[in-house]
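Have a look at this one.
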There are 2 protein chains.
Amino acid sequence: MAVCVNCRHHGLCVHRVAIFSPLSAEESHRVAELIVHKEYHKGDFIMTEGEQLSRLVIVQEGQVKAFRSTADGREQILYIFSSGDFFGEKNLLRNQPASYSVQALVDTCLCMISRSDFQQLLRAHPEIGMKIMEELCRRLERLETAVESLGARDGDARVSSVLLEFAERYGEEHPRGVLVRLPLSRQGIADYVGLTRETVSRKLSSLQAEGVVELIGNKKLLIIDKTALEMGSSQD
Amino acid sequence: MAVCVNCRHHGLCVHRVAIFSPLSAEESHRVAELIVHKEYHKGDFIMTEGEQLSRLVIVQEGQVKAFRSTADGREQILYIFSSGDFFGEKNLLRNQPASYSVQALVDTCLCMISRSDFQQLLRAHPEIGMKIMEELCRRLERLETAVESLGARDGDARVSSVLLEFAERYGEEHPRGVLVRLPLSRQGIADYVGLTRETVSRKLSSLQAEGVVELIGNKKLLIIDKTALEMGSSQD
DNA sequence: CGAAGAGTTGATACACCTCAAGTCTTGTGG
DNA sequence: CCACAAGACTTGAGGTGTATCAACTCTTCG
């Protein structure tokens with residue numbers, strides 16, 4: 001694992017991260033000194049449930065999934081972290097082992113700050129604490145929505161709303177709708193919305209048959225009738 | 001709604017709340033001056049999804065449920081807040097409308113601090129911010145577990161784990177096991193674990209038939225074989 | 001004591017899972 | 001650049017757990 005190529009080419013990774021926005025230019029440079037870079041390949045594990053982590057990890061480039069494994073071999077995906085997102089804060093703030101595993105979805109470059117540097121930074125800049133709090137609140141709200149989805153909505157609604165979520169985060173304009181590059185495989189989507197691979201496949205096929213979406217290979221999808229998805233995602 | 005009787009009888013409610021523990025005795029008294037008390041009866045709504053709240057709310061005495069309502073009339077309970085817990089922080093930190101409704105499960109006394117007083121307090125005592133962050137992390141972890149439960153475990157496992165959760169929080173020693181005062185009705189438990197009233201009832205009956213628990217009326221339950229629940233909660 | 005609400009139990013329906021076969025996609029080496 | 005193999009995805013048939021609907025019982029409280 002070499003030093004991150006991106007950081008050398010594209011300037012300081014510190015600038016990509018919202019929680020460090022309160023820092024001045026000079027301070028950013030000083031923080032950049034504290035950062036360790038690491039590259040991972042698609043499929044590599046970055047951390048494992050139960051592990052005692054001692055760094056804050058920031059996604060510089062790429063995409064990772066955070067998930068829990070159940071006794072019977074299923075996975076439940078909790079978060080998808082992309083460029084600018086961070087994780088490991090729980091371990092630093094409460095000195096607790098990781099509550100989920102993290103695995104690279106594509107080749108990924110990460111930035112890491114040691115516990116002591118992070119805590120010093122927090123003390124020196126309380127506004128960073130505020131930024132982190134805001135992010136934790138955003139994350140709480142996402143999980144609240146996930147709980148509502150998994151607990152009170154049927155499969156169709158869950159698939160519709162995950163497509164809308166992906167469109168929001170990874171979609172781009174297209175003459176006939178919104179083109180979405182899916183961050184997850186069918187199995188991954190299934191692990192995210194609490195269904196099986198086969199069921200997700202069927203739901204997507206019927207959305208296509210209804211003319212709501214168009215499947216483009218396995219990694220892309222075109223949303224033609226966004227309104228239909230919005231109707232469907234809030235359950236009939 | 002009169003001034004809270006409990007606060008007058010039992011001293012300052014500020015002392016019950018972990019996030020204010022960094023305050024000195026003198027400061028606690030000053031904070032107590034800022035607090036408004038309100039009483040609610042069982043069933044009263046304390047806040048409603050979408051509402052723009054302008055106070056931090058602390059549960060002084062009693063119990064409330066936080067939940068979301070779906071279009072088809074189902075409810076998904078997200079949290080049960082008891083004495084010492086707080087809510088509304090999301091609205092104050094990010095200036096966002098409430099993402100859930102809150103309703104009193106029993107007669108309840110609440111303490112409220114205005115947005116501006118709270119923000120002043122946060123600025124003056126960054127350690128309070130740290131305490132809040134810790135609590136947010138705890139809440140995140142609870143929701144992560146809930147997502148795993150709802151997404152990847154079957155009904156039996158969910159009922160077993162909710163019983164263990166209640167035992168942890170509301171259980172008391174008993175010669176034959178752990179006696180649990182249930183904070184929720186059957187419908188409430190169903191809304192918490194994503195099942196229906198009838199299914200919860202059946203699961204509880206069969207746990208009783210297996211000798212794992214003993215139902216005592218509708219509001220109490222004796223856990224006889226805790227190990228069996230622990231086995232069952234992690235799925236077979 | 002009676003009525004209303006909460007809980008239980010049974011019968012049936014249906015959504016999703018499981019298992020299995022087949023197809024499409026992707027990446028690799030000749 | 002094509003051929004092939006491995007992996008990912010799709011589709012079908014059948015089984016299962018949970019929802020639904022309905023009748024009934026228990027609890028609570030005026």
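Lettering follows sequence order; numbering is per chain, from 1.
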Listed pairs under 3.5 Å, donor-acceptor, residues 97-109 of chain B side chains, sequence neighbours left out:
from: B/Ser99; atom 1: OG; to: A/Glu144; atom 2: OE1; distance (Å): 2.9
from: B/Ser99; atom 1: OG; to: B/Lys90; atom 2: NZ; distance (Å): 2.8
from: B/Ser101; atom 1: OG; to: B/Glu49; atom 2: N; distance (Å): 2.9
from: B/Gln103; atom 1: NE2; to: B/Gly43; atom 2: O; distance (Å): 2.9
from: B/Asp107; atom 1: OD1; to: B/Lys42; atom 2: N; distance (Å): 2.8
from: B/Thr108; atom 1: OG1; to: B/Gln63; atom 2: N; distance (Å): 3.2
from: B/Thr108; atom 1: OG1; to: B/Gln63; atom 2: O; distance (Å): 3.3
from: B/Thr108; atom 1: OG1; to: B/Val106; atom 2: O; distance (Å): 2.7

task: Using a cut-off of strictly less than 4.0 Å between a heavy atom of the residue and any atom of DNA chain C, enumerate the qualifying residues of residues 181-190 of chain A by number.
output: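 Going residue by residue through residues 181-190 of chain A, none turns out to have a heavy atom under 4.0 Å of DNA chain C.
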query: What integer distance in Å separates B/Leu221:CG from C/dT8:P?
result: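 Roughly 11 Å, once rounded to whole Å.
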- request: Please report, rounded to the nearest Å, how far the C1' atom of C/dC17 is from the NZ atom of A/Lys203.
  value: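 To the nearest whole Å, that distance equals 12 Å.
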query: A/Gly194 or A/Asn218: which one's nearest nucleotide on DNA chain C is closer to the 5' end?
result: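 The residue whose closest nucleotide sits nearer the 5' end is A/Gly194.
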field: Any residue meeting ring pair (Phe, Tyr, Trp, His ring centres under 6.0 Å) with B/Phe87, in chain and number order, not counting sequence neighbours
entry: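 Per chain and number, B/Phe87 pairs via ring pair (Phe, Tyr, Trp, His ring centres under 6.0 Å) with B/Phe81.
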- prompt: Could you write out DNA chain C as a dot-bracket string, with dots for unpaired bases, | for bases paired across to another strand, and Watson-Crick or G-U pairs counted at under 3.5 Å?
  reply: ||||||||||||||||||||||||||||||
- prompt: Rounded to the Å, how far apart are B/Ile216 CD1 and C/dT8 P?
  reply: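 In whole Å, C/dT8 P and B/Ile216 CD1 are 13 Å from each other.
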query: Would you say the side-chain atoms of B/Thr145 and A/Arg68 include a donor-acceptor pair closer than 3.5 Å?
result: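 Yes, side-chain donor-acceptor contact under 3.5 Å.
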- request: Give me the first and last nucleotide of DNA chain D, going 5' to 3', that has any atom under 4.0 Å from a heavy atom of chain A.
  value: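 Result: D/dC9 to D/dA13.
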- prompt: Nearest-Å distance, CG (B/Leu215) to P (C/dG7)?
  reply: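 That distance rounds to 11 Å.
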task: Quick one: do A/Arg169 and A/Glu165 satisfy salt bridge (Lys or Arg N to Asp or Glu O under 4.0 Å)? Show the steps, please.
output: CA-CA 6 Å; A/Arg169 292 177 62 182; A/Glu165 183 187 333; 3.8 Å; yes
Spacing between B/Leu195 atom CG and C/dA15 atom C1', to the nearest angstrom: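 Computing the B/Leu195:CG to C/dA15:C1' distance gives 15 Å.
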Spacing between B/Lys219 atom NZ and C/dT8 atom C1', to the nearest angstrom: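 Whole-Å distance recorded here is 16 Å.
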query: Is A/Asp191 salt-bridged to A/Arg74, cutoff N-O under 4.0 Å?
result: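 The answer is no: the pair does not qualify as a salt bridge.
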Got a list of protein N/O to nucleotides 18-20 of chain C N/O distances below 3.5 Å?
from: C/dT18; atom 1: O4; to: A/Arg202; atom 2: NH2; distance (Å): 2.9
from: C/dC19; atom 1: N4; to: A/Glu198; atom 2: OE2; distance (Å): 3.2

query: What is the distance from CZ of B/Arg153 to C1' of C/dC17, rounded to the nearest Å?
result: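 About 19 Å, once rounded to whole Å.
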